[in-house]
Structures are given as structure tokens and as C-alpha cells.
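FYI, side chains are in, hydrogens and waters are out, and symmetry mates aren't considered; it's all heavy atoms of this structure.
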Amino acid sequence: MAPGNRIEEHAGDGWSYLKRLQNELRNTTVELLPISSLTASESLRVAGEVGPHVEMLADTDAVLPPIVVHRGPMKVVDGMHRLRAASIRGEEHIRAQVFEGTDEDAFLLAVAANVTHGLPLSMVDRVAAAQRIIAGRPQWSDRAVASVVGVSAKKISEIRRGLAETVPQFTNRIGLDGRTRPLSCVEGRERASELIKVNPTASLRQIAKEAGISPATVADVKRRVLRGISPAPAKRRGINTEDRRQRIVIRKSLGLQGKTSLDELHSLFDSLRRDPSLRYNEIGRMVLHLLNYCAVTAREKEKIIENVPPHCRASLADLFLGYADIWRLFAAELTDGKHLVTC
């Protein structure tokens with residue numbers, strides 16, 4: 001199948017597509033199939049089946065989970081070790097759930113199943129599986145592929161770069177939630193900026209739909225347009241030298257040298273919240289209240305990252321970046337407005 005046709009076929013799926021396949025499989029009835037009617041599919045394991053694991057399964061008296069079989073070719077999608085064990089025990093039938101779909105669908109189910117239960121796939125096996133998924137579904141995001149094969153998104157990005165010469169590259173990716181988003185939102189931000197200037201009363205959702213970015217990103221662009229600065233942060237534009245220079249100027253003017261550690265920030269905050277001139281006026285208490293939330297966020301960063309739903313991460317990242325710019329503007333204005341940050 002040509003790359004263009006394959007992309008068109010899967011353009012609307014994503015990781016949510018795999019979840020639908022798994023849900024459909026869970027709702028199928030367990031059947032008793034003749035072992036002689038089944039054939040082995042291509043092994044996910046580069047080194048092949050693991051003999052000691054088959055022997056261990058053959059010796060157990062426990063009822064093993066049903067295998068998964070691809071209807072039509074009657075190939076075993078998941079459970080080759082269980083099938084071999086049943087043959088060693090002299091059994092003629094085996095419990096199975098039958099799956100209907102394409103070969104690529106069967107492969108996705110096999111990888112996901114072997115990542116979450118049974119004998120885990122080795123890193124070499126997972127890399128090989130990731131390469132096949134990227135080749136077959138190059139528009140899936142790194143996180144979407146990572147969620148299937150059980151490695152980090154950073155590792156998937158590395159694998160994708162190694163396939164750059166043979167796999168089509170696209171400016172959009174399908175995420176965990178099945179939605180298509182641009183790899184870089186600079187163009188989308190610039191388009192949103194133009195739309196806001198032409199129709200400033202348009203809703204965030206309307207502009208987001210036309211520009212191909214999230215409503216949260218549109219909100220950040222709108223704030224930037226009102227402030228008269230670029231619709232995209234300097235880091236996203238790939239221009240951060242001047243940005244760094246301005247940060248250094250601001251930090252020096254505030255008496256800060258180098259990168260402030262978390263302990264230093266906490267110490268500075270403790271000192272401020274004991275200051276009566278802040279504690280005993282309404283605005284001061286409001287500022288201390290906001291800073292307290294910042295301190296908690298910094299302290300609980302890892303827990304927050306681990307528990308944020310995947311479909312919310314991009315929007316939260318946009319909000320954090322937008323509010324970070326506002327805090328930096330505050331820092332600039334606290335130095336008498338001499339060093340306005342324009343990123």
C-alpha cells in the first residue's frame with residue numbers, strides 16, 4: 001500500500017483507535033478452538049519464543065487466560081507460549097477469543113497485550129515493534145506510539161529520527177485522544193493572530209477551529225495580541241538568544257545570580273510572607289496567596305505531571321507558558337519597567 005493511501009486510511013485514528021479494538025475484543029465470547037486449526041503469527045520477539053516460559057506454563061494447573069486469534073488466517077495474535085504449553089500437555093483444544101480486523105490491527109493488539117501481561121517484551125522487541133508501528137502509522141504522535149509499546153515518548157522520537165529516510169514525515173500528528181495537532185503551533189498561532197485582528201469578537205473555539213490549534217492556545221495568542229507582542233513564544237519560534245539575555249538582565253537587576261534553586265525560592269517566599277507590609281494589606285495578602293500556590297506547584301510538580309490526563313497535557317502546557325510570560329512581565333515591571341520582556 002502506498003504511504004499516502006495508508007495515511008488516509010488511518011488519518012482519523014490514533015491511540016484511541018487501539019482502545020476501541022481492545023474494548024471490542026473484551027466483549028467477544030470465549031470459544032474452544034481446535035489447536036490443529038491455528039497457525040503461528042510472526043513473533044514479536046526478535047529471539048523467538050522463550051522455551052523455559054513454555055515449560056513453566058505447561059507445568060501449571062492454573063486456568064490460563066484465553067489466547068487471541070485473528071479470524072480468517074486463524075493466526076494466534078496473543079498467546080503463542082500458552083498454545084505451545086497446551087500442545088505439550090497433549091490438549092487438542094484451547095480457549096480463545098477471536099478477533100476480526102486487518103493484519104496491522106492484529107499487530108497492534110499483539111504488542112499492547114504483550115506489554116501489559118504475560119512475559120514482557122524485551123527492549124529490543126519493543127523497539128522493533130515501534131519501528132513497525134511508525135512505518136505503518138507515521139502520523140501517530142510519539143506519545144501515542146509509546147503508550148502501545150511501553151517505552152518513553154523520548155525513545156520513540158529517537159526511533160522516528162532513525163527512520164526519517166524511509167518513513168514519510170508530516171507536520172501534523174494524531175495524539176492520544178485521536179485529535180490531529182501540528183508538530184509546531186507557530187503557524188497556527190500566527191493564523192490565529194490574523195483572525196483575531198480581523199474579528200476580535202470571534203469566540204476562542206471558532207478561531208481555534210479555523211487556525212487548527214486549541215482554544216487555550218488561542219487565549220494565549222489573544223493576550224499576546226493585546227500586549228502587542230509576537231503570537232508565539234520565542235522558544236517556539238526558535239529565537240531564544242535575546243530572550244535569555246533579557247532574563248539575565250532582569251535577574252541581575254533583582255540581585256539574583258545564576259539559576260535559583262527550589263530551596264532558595266522557598267527561603268525567599270518564607271521571608272516575604274513574614275513581612276508585615278505584605279501581610280497586613282489586601283493586595284499583599286493576595287500576592288502571597290498566589291505565591292503559595294506557586295510554591296505548592298513547584299513542590300508537587302512530579303505528582304502533578306504523573307496524574308494529569310493525557311488529553312489535558314497540551315492545553316495545560318499552553319496555559320503554563322502563557323502565565324509564565326505574565327509572571328516574567330511582572331518581574332520586568334518590578335524593575336521600574338526598564339527591561340520589558342517581549343517573547
Consider only side-chain heavy atoms of I, L, V, M, F, W and Y, link residues closer than 4.5 Å, and tell whether [X] and [Y] are in one cluster.
X      : Y      : answer
Leu290 : Tyr323 : yes
Ile88  : Met56  : no
Ile326 : Leu319 : yes
Ile283 : Trp327 : yes
Val68  : Val148 : yes

Do you know the tightest heavy-atom contact between [X] and [Y]?
X      : Y      : answer
Ala85  : Ala58  : CB-N, 3.6 Å
Val111 : Ala129 : CG2-CB, 3.8 Å
Val167 : Ala135 : CG2-CA, 4.0 Å
Ser141 : Gly175 : OG-CA, 3.7 Å
Arg143 : Ala153 : CG-CB, 3.8 Å

Quick one: pull up [atom1] in [X] and [atom2] in [Y] and give me the separation to the nearest 0.5 Å.
X      : Y      : atom1 : atom2 : value
Lys301 : Arg299 : NZ    : CZ    : 14.0 Å
Arg82  : His53  : CZ    : NE2   : 8.0 Å
His93  : Ser36  : NE2   : OG    : 7.5 Å
Leu108 : Gln22  : CG    : CD    : 9.0 Å

Any donor-acceptor N/O pair, [X] side chain to [Y] backbone, under 3.5 Å:
X      : Y      : result
Arg224 : Gly322 : no
Arg89  : Leu57  : yes
Arg126 : Leu121 : yes
Asn27  : Asn23  : yes
Gln97  : Leu25  : yes
Ser147 : Ala144 : yes
Arg313 : Ile305 : yes

- [ ] Could you walk me through whether Ile174 and Arg137 pass side chain to side chain contact (heavy atoms under 4.5 Å, CB included), step by step?
- [x] CA-CA 9 Å; Ile174 301 172; Arg137 290 174 164 84; over 6 Å; no

- [ ] Among Ile, Leu, Val, Met, Phe, Trp and Tyr joined by side-chain contacts under 4.5 Å, find the other residues sharing a cluster with Leu226 and list them by chain and number.
- [x] none

TODO: Each residue besides Met74 in its hydrophobic cluster should be listed here, by chain and number; the cluster joins Ile, Leu, Val, Met, Phe, Trp and Tyr at side-chain heavy-atom distances under 4.5 Å.
DONE: Leu33, Ile35, Leu38, Ile67, Val69, Val76, Met80, Leu83, Ile94, Val98

Open item on the list: Taking salt bridge (charged side-chain N to carboxylate O under 4.0 Å, His left out) as the definition, give me every residue that meets it alongside Arg71, ordered by chain and number, with sequence neighbours left out.
Closed with: Glu31, Glu100

TODO: State which residues pass side chain to side chain contact (heavy atoms under 4.5 Å, CB included) with Glu300; sequence neighbours excluded, sorted by chain then number.
DONE: Val296, Lys303, Ile304

- [ ] Return the set of residues passing ring pair (Phe, Tyr, Trp, His ring centres under 6.0 Å) with Phe99 (not counting sequence neighbours), or none when no residue passes.
- [x] His70

Please examine the side chains of [Y] and [X], heavy atoms only from C-beta on, and report whether any two atoms are closer than 4.5 Å.
X      : Y      : result
Arg132 : Glu104 : yes
Asp220 : Leu321 : no
Met286 : His289 : no

- [ ] May I ask you to say whether Glu158 pairs ionically with Lys155, meaning some side-chain N is under 4.0 Å from a carboxylate O?
- [x] yes

TODO: Would you check, one step at a time, whether the test side chain to side chain contact (heavy atoms under 4.5 Å, CB included) holds for Leu163 with Thr166?
DONE: CA-CA 6 Å; Leu163 299 173; Thr166 57; 4.2 Å; yes

Task: Among Asp142, Val149, Ile156, the one residue meeting side chain to side chain contact (heavy atoms under 4.5 Å, CB included) with Ile134 - done: Ile156

Open item on the list: One pair to check against side-chain hydrogen bond (donor to acceptor under 3.5 Å, both in side chains): Arg189 and Ser193. What are the steps and the verdict?
Closed with: CA-CA 6 Å; Arg189 280 174 171 266; Ser193 174; over 6 Å; no

With a cut-off of 3.5 Å and sequence neighbours excluded, list every side-chain donor-acceptor pair involving residues 197-212.
residue: Asn199; atom: OD1; partner: Thr201; partner atom: OG1; Å: 3.0
residue: Ser203; atom: OG; partner: Gln206; partner atom: N; Å: 3.1

